[in-house]
Amino acid sequence: MFVSGKPKEFLSFILLSCLFVIFISYSFYNLTDAFKSMENQEQFIAEDSMHFLNGAKELLSGDFRFHYITRYPHREILYSVALTVPLYFFGENLYALGSVNIFFFCLAALILYLAIKKLYADNMAALFAAALLLFNNFTFFNVKFGLLTEGMFIACIIAAIYSFLSYLKSFQTVHLLALGAICGIAQGVRPNGFFLYGAFLAVVLARLAFLKNNGQNDFPGAKKLLTGVLTSCGAFLLFSLPSWGPRVYFFGDPLYHSYLTNFLWEDSYDLAHDADLVFTMQDYIDLHTLGDMLSRFLLGLKKSYFSYPLDYMGVHTWLAMVIGFAVALWQKNKDMLLLAAALFIVMAPIVWTVISNPTPRIGFAFTLPFAAFLGANGLAFLRLRLNAWKASLLAAPPAQASNKKYALSGSSQPDASEEAEAPISASQSL
């Protein structure tokens with residue numbers, strides 16, 4: 001672990017700045033390479049990208065009712081809000097529009113860096129996590145091939161994860177309030193924000209129920225817990241207003257997202273994607289056996305946690321996630337294991353719909369930030385073990401001499417190995 005001090009902090013800042021310079025330079029290089037083709041230029045603002053761009057144009061025209069969701073009810077509005085800035089100053093300049101995603105990935109990396117430093121006081125682990133987020137195939141794909149929401153959504157997820165871990169550490173209501181607000185903003189970016197908040201809240205309540213049942217002293221108390229949950233839910237509703245408000249106004253249903261629910265109950269992408277068709281759970285149950293359901297879920301697990309990450313995120317990112325999870329198991333680090341449980345819960349609908357909506361980037365928006373936190377935890381812990389091992393080696397000769405002195409005097413001596421292990425045991429929880 002870096003020793004705290006201005007020189008080390010300055011070096012860490014320089015290295016982080018270098019990461020940003022390299023990422024931004026390479027991102028604009030990729031954009032320049034892509035824009036050499038007229039077909040790529042047209043594709044950059046076509047299909048999904050055009051939906052968000054049209055939303056931005058409507059906002060700039062003065063339509064603040066978010067009327068565009070009547071045409072694209074499966075979309076959210078906040079990414080379009082972000083696009084209004086380059087659209088207002090530079091028009092439809094592709095480089096200006098593309099810089100939005102570059103900005104949000106840099107913002108996500110900065111939030112991640114600061115969060116890891118706060119949790120572990122480890123500059124190396126923080127830099128590692130930021131690099132893991134910035135330099136992988138998934139990130140560069142999102143920067144190069146269109147106006148996609150992943151960068152903005154990932155920045156929200158990272159902030160939400162930090163609030164989640166901070167609450168598990170301190171049980172302060174302010175962190176639960178922040179969790180609700182951040183997930184509310186995430187809901188305004190992508191429809192998955194609701195599942196993100198539900199997963200975190202379910203894990204928090206399960207953890208607190210365990211503490212209560214076991215009579216542990218760190219249970220925050222029923223009144224404080226109820227206050228925290230209610231204010232958190234209120235914050236979620238308030239900050240997700242841009243998502244559910246227009247839907248209530250135009251459709252009378254705060255959760256209406258057109259054909260998106262079809263993916264849950266249909267195996268065919270083409271049929272599920274048809275807004276004129278409506279599929280229900282009963283439809284799926286009538287046409288499938290229990291074996292079909294199990295097969296579908298197992299296929300989703302394989303693709304979501306193995307095939308897609310290895311193919312699209314890169315081996316290094318996948319290994320960081322797996323090794324980080326293995327280290328958490330070895331540590332018996334409850335906070336990290338609860339974070340992994342939250343990932344499993346929030347990924348469950350995506351795992352289930354892989355067969356009907358096999359778009360890899362949908363799941364990556366979740367797995368990448370979780371992988372960065374798990375990987376950083378693994379690195380921070382392993383560095384503590386290494387530092388303790390080095391300390392025990394350096395302390396060995398004096399310890400031996402001291403043992404002889406204590407043996408001659410007949411006194412007892414503290415075990416040096418216990419002192420070397422103290423930092424590691426302190427790291428077992430965040």
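Values below: all heavy atoms of this structure, side chains included; hydrogens, waters and symmetry mates excluded.
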ring-ring contact (aromatic ring centres under 6.0 Å, His included): pairs with one or both residues in residues 131-163, sequence neighbours excluded: F23-F140, Y26-F140, F138-F364, F141-F145, F153-F366
Taking only residues at least two apart or on different chains, which pairs with a member in residues 172-201 satisfy ring-ring contact (aromatic ring centres under 6.0 Å, His included)?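 Those involving residues 172-201 are F164-F200, Y197-F236.
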Distance-only side-chain donor-acceptor flag, [X] / [Y], under 3.5 Å:
X: Q187; Y: N192; result: no
X: N30; Y: S27; result: no
X: H273; Y: E266; result: no
X: S258; Y: Y72; result: no
X: D63; Y: S61; result: no

Measuring centre to centre across the rings, with the benzene-like ring taken for any Trp, is F381 within less than 6.0 Å of W330?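 Under 6.0 Å, so yes.
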With a 6.0 Å cut-off on the ring centroids, do Y284 and F279 count as close?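 Not close enough - the centres of the two rings lie 6.0 Å or further apart.
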With rounding to the nearest 0.5 angstrom, report the [atom1] to [atom2] distance, [X] to [Y].
X: L132; Y: L368; atom1: CG; atom2: CG; answer: 7.0 Å
X: T84; Y: F52; atom1: OG1; atom2: CZ; answer: 14.0 Å
X: K144; Y: F35; atom1: NZ; atom2: CZ; answer: 10.0 Å
X: L374; Y: L379; atom1: CG; atom2: CG; answer: 13.0 Å
X: I24; Y: L19; atom1: CD1; atom2: CG; answer: 11.0 Å

Are the side chain of [X] and the backbone N or O of [Y] linked by a donor-acceptor pair below 3.5 Å?
X: N262; Y: A272; answer: yes
X: Y88; Y: L60; answer: no
X: R247; Y: L255; answer: no
X: K224; Y: F171; answer: yes
X: W352; Y: F297; answer: no
X: S49; Y: F44; answer: yes
X: S295; Y: G291; answer: no
X: T359; Y: R361; answer: no
X: N40; Y: A34; answer: yes
X: W318; Y: Y305; answer: yes

Under the salt bridge (charged side-chain N to carboxylate O under 4.0 Å, His left out) test, residues paired with R75 that sit two or more places apart: D48
Do the rings of H67 and F250 sit parallel, tilted or perpendicular, given the 30° and 60° boundaries?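 Taking F250 first and then H67, their aromatic rings stand perpendicular (interplane angle over 60°).
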Please determine whether side chain to side chain contact (heavy atoms under 4.5 Å, CB included) holds for the pair L147 and V100, giving the CA-CA distance in whole Å, both sets of side-chain angles, and the decisive distance to 0.1 Å. CA-CA 8 Å; L147 303 176; V100 171; 5.8 Å; no
Should N136 and T139 be marked as a side chain to side chain donor-acceptor pair (under 3.5 Å) after you check the CA-CA gap, both sets of side-chain angles, and the distance that decides it? CA-CA 6 Å; N136 66 84; T139 301; 3.1 Å; yes
Let's go through K302 and S307 carefully: what are the C-alpha distance in whole Å and the side-chain angles of both, what is the deciding distance for side chain to side chain donor-acceptor pair (under 3.5 Å) to 0.1 Å, and is it a yes or a no? CA-CA 6 Å; K302 174 180 177 293; S307 304; 3.2 Å; yes
S12 vs Y113, side chain to side chain donor-acceptor pair (under 3.5 Å): CA-CA, chis, key distance, verdict: CA-CA 10 Å; S12 178; Y113 171 82; 2.2 Å; yes
Shortest non-hydrogen contact from A108 to I154?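 Closest heavy-atom pair between A108 and I154: CB-CG2, 4.1 Å.
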Which heavy atom of S304 sits nearest a heavy atom of V351, and at what distance?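 For S304 versus V351, the nearest heavy atoms are OG-CG2, 3.7 Å.
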Salt bridge check, D122 against K117: does any charged N sit closer than 4.0 Å to a carboxylate O? no
Take N377 and Q331 through the test side chain to side chain donor-acceptor pair (under 3.5 Å) and record every step on the way to the result. CA-CA 10 Å; N377 171 74; Q331 288 178 282; 3.0 Å; yes
